[in-house]
2 protein chains.
Amino acid sequence: MTMTDDQLISILRDSGYKVTPQRLAICNYVLSSKEHPTAEHIHSEIVKKHPAISLNTIYQTMDMLIDLGLVQEMRFSGSSSRFDSNTSVHVNIICQKCSKIQDFESEGIRELWSRILAEMNVEPVGQRLDVYVLCDECKR
Amino acid sequence: MTMTDDQLISILRDSGYKVTPQRLAICNYVLSSKEHPTAEHIHSEIVKKHPAISLNTIYQTMDMLIDLGLVQEMRFSGSSSRFDSNTSVHVNIICQKCSKIQDFESEGIRELWSRILAEMNVEPVGQRLDVYVLCDECKR
DNA sequence: CTCCGTGCAAATGGTTTGCATCTTA
DNA sequence: TAAGATGCAAACCATTTGCACGGAG
């Protein structure tokens, strides 16, 4: 979910979070990324502009974004967490071999999923839909 | 997926795994459990009959069951893995507060899910469908 | 008799915590 | 100037690994 710095700053301030250059950089990167990056990956990106940034700050900022409902954390076996800034209903297509994650989103899927929810008769506060595949590259 | 000892023994032998009392006990417990237990939980159950059993053996046996396709591992933020012996398409209804997991399975859901897969045009090797809720107890 | 499984202890590694220092509001 | 954020180092803890012994085939 990409947004302007002004929008972002309002959201942080409204929730009582202070605005720092590190936070802006991390948020901008994570919220516009389609890669479902790991903390390590985010760090290696942000360190280019903020050479002293610590992994700790990445984790704390992720906690903030999760608290704000702007990011979802996905844990997997045998690898670090991935952070997903797509907060609408969507399917994560995940390659079993290379761990690449691709989002799939459509009106049809939202419709079918809402029917599944209706059948279960629950009030969801969130969801995670993973499909495990072998991506085209790994299939070779 | 409950099965007889004989069925289980065949499956293990056919795949080159040796049959031990510990393995049988762990498999019987996990494959019949509806609780999506943690390794710690499994250990505390098996230790009643096998007082010397180690956590290590639990983890290794889980690896074996995953390899055999009889169990799926589910990782979460801030807690240990849960092992799910329901290998058919189903939805995990997970309480955000107490981490209780309840399976939901029906013909309707399998049908709707297969339509979602058709729309995405992928060949899945597995899936994980989580819905996060507040369970009735935690809602109070 | 050989190989694999077990249990113990130690290592691993992603994540969290404690704390002194710096920044934001 | 008070509350909160940052960066460093140390702690944590679920999981994994190394290894000597024991049991399965």
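Chain letters run A, B, ... following the sequence lines, proteins first, then strands; residues in each count from 1. Values below: all heavy atoms of this structure, side chains included; hydrogens, waters and symmetry mates excluded.
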Q: Assign each of A/Ile53 and B/Asp63 to its nearest nucleotide of DNA chain D by heavy atoms, then name whichever residue's nucleotide is nearer the 5' end.
A: A/Ile53
Q | Whole-Å gap separating P (D/dT6) and NE2 (A/His50) | A | 10 Å
Q: Considering just the side-chain nitrogens and oxygens of A/Thr57, establish if one lies under 4.0 Å of OP1 or OP2 belonging to D/dG7.
A: yes
Q.
I'd like to know if the side chain of B/Glu119 pairs up with that of A/Ser106 as donor and acceptor (distance under 3.5 Å, no hydrogens or angles considered).
A. yes
Q. OP1 or OP2 of C/dT15 less than 4.0 angstrom from a side-chain nitrogen or oxygen of A/Gln60, does that happen here?
A. no
Q: Inspect the contact between A/Glu137 and A/Arg140 and indicate whether a charged nitrogen and a carboxylate oxygen are less than 4.0 angstrom apart.
A: no
Q | Presence of A/Arg75 side-chain N/O under 4.0 Å of C/dG14 phosphate oxygens OP1/OP2 | A | no
Q: Please list residues of residues 5-17 of chain A whose heavy atoms come under 4.0 Å from any atom in DNA chain C, ordered by number; otherwise none.
A: A/Arg13
Q. Looking for any heavy atom pair under 4.0 Å, which part of the strands does A/Pro21 touch: base, sugar-phosphate only, or nothing?
A. sugar-phosphate
Q: Would you mind reporting whether B/Met120 and A/Val91 have side-chain heavy atoms less than 4.5 Å apart?
A: yes
Q.
Using whole Å, what does the distance between atom P of nucleotide D/dT6 and atom NE2 of A/His43 come to?
A. 12 Å
Q. Roughly, in whole Å, what's the span from CD1 in B/Ile58 to P in C/dC8?
A. 12 Å
Q: Ignoring backbone atoms, test whether B/Thr20 places a side-chain nitrogen or oxygen under 4.0 Å from the OP1 or OP2 oxygen of C/dT6.
A: yes
**Q.** Shortest side-chain distance from A/Ala52, nucleotide among D/dG7, D/dT15, C/dT15
**A.** D/dG7
Q) Of the candidate nucleotides D/dT15, D/dT6, C/dT24, which contains the atom at the shortest distance from the side chain of A/Lys18? A) C/dT24
Q | Ring-face cation contact, A/Phe76 with A/Arg128, 6.0 Å cut, 45° max | A | yes
Q.
Under a plain distance cut-off of 3.5 Å, with no hydrogens placed, do A/Ser88 and A/Glu105 share a side-chain donor-acceptor pair?
A. yes
Q. To the side chain of B/Arg23, which of D/dT15, C/dT6, C/dG7 is closest?
A. C/dT6
Q: Return the nearest nucleotide to the side chain of B/Tyr59; candidates are D/dA24, C/dG7, D/dA14.
A: D/dA14
**Q.** Distance in angstrom units between A/Leu55 CG and D/dT6 P, rounded
**A.** 14 Å
Q) When only distance counts, do a donor and an acceptor, one from the side chain of B/Asn56 and one from the base of C/dG5, lie under 3.5 Å apart? A) no
Q | Aromatic ring pairing A/Phe83/A/Tyr59, orientation class (parallel under 30°, perpendicular over 60°, tilted between) | A | perpendicular
Q.
Any base atoms under 4.0 Å from A/Ser79, or only sugar-phosphate, or nothing? Heavy atoms, all strands.
A. nothing
Q.
Over all strands shown, is B/Ser81 touching base, sugar-phosphate only, or nothing at heavy-atom distances under 4.0 angstrom?
A. sugar-phosphate
**Q.** B/Arg82/B/Glu35 ion pair, N-O < 4.0 Å
**A.** no
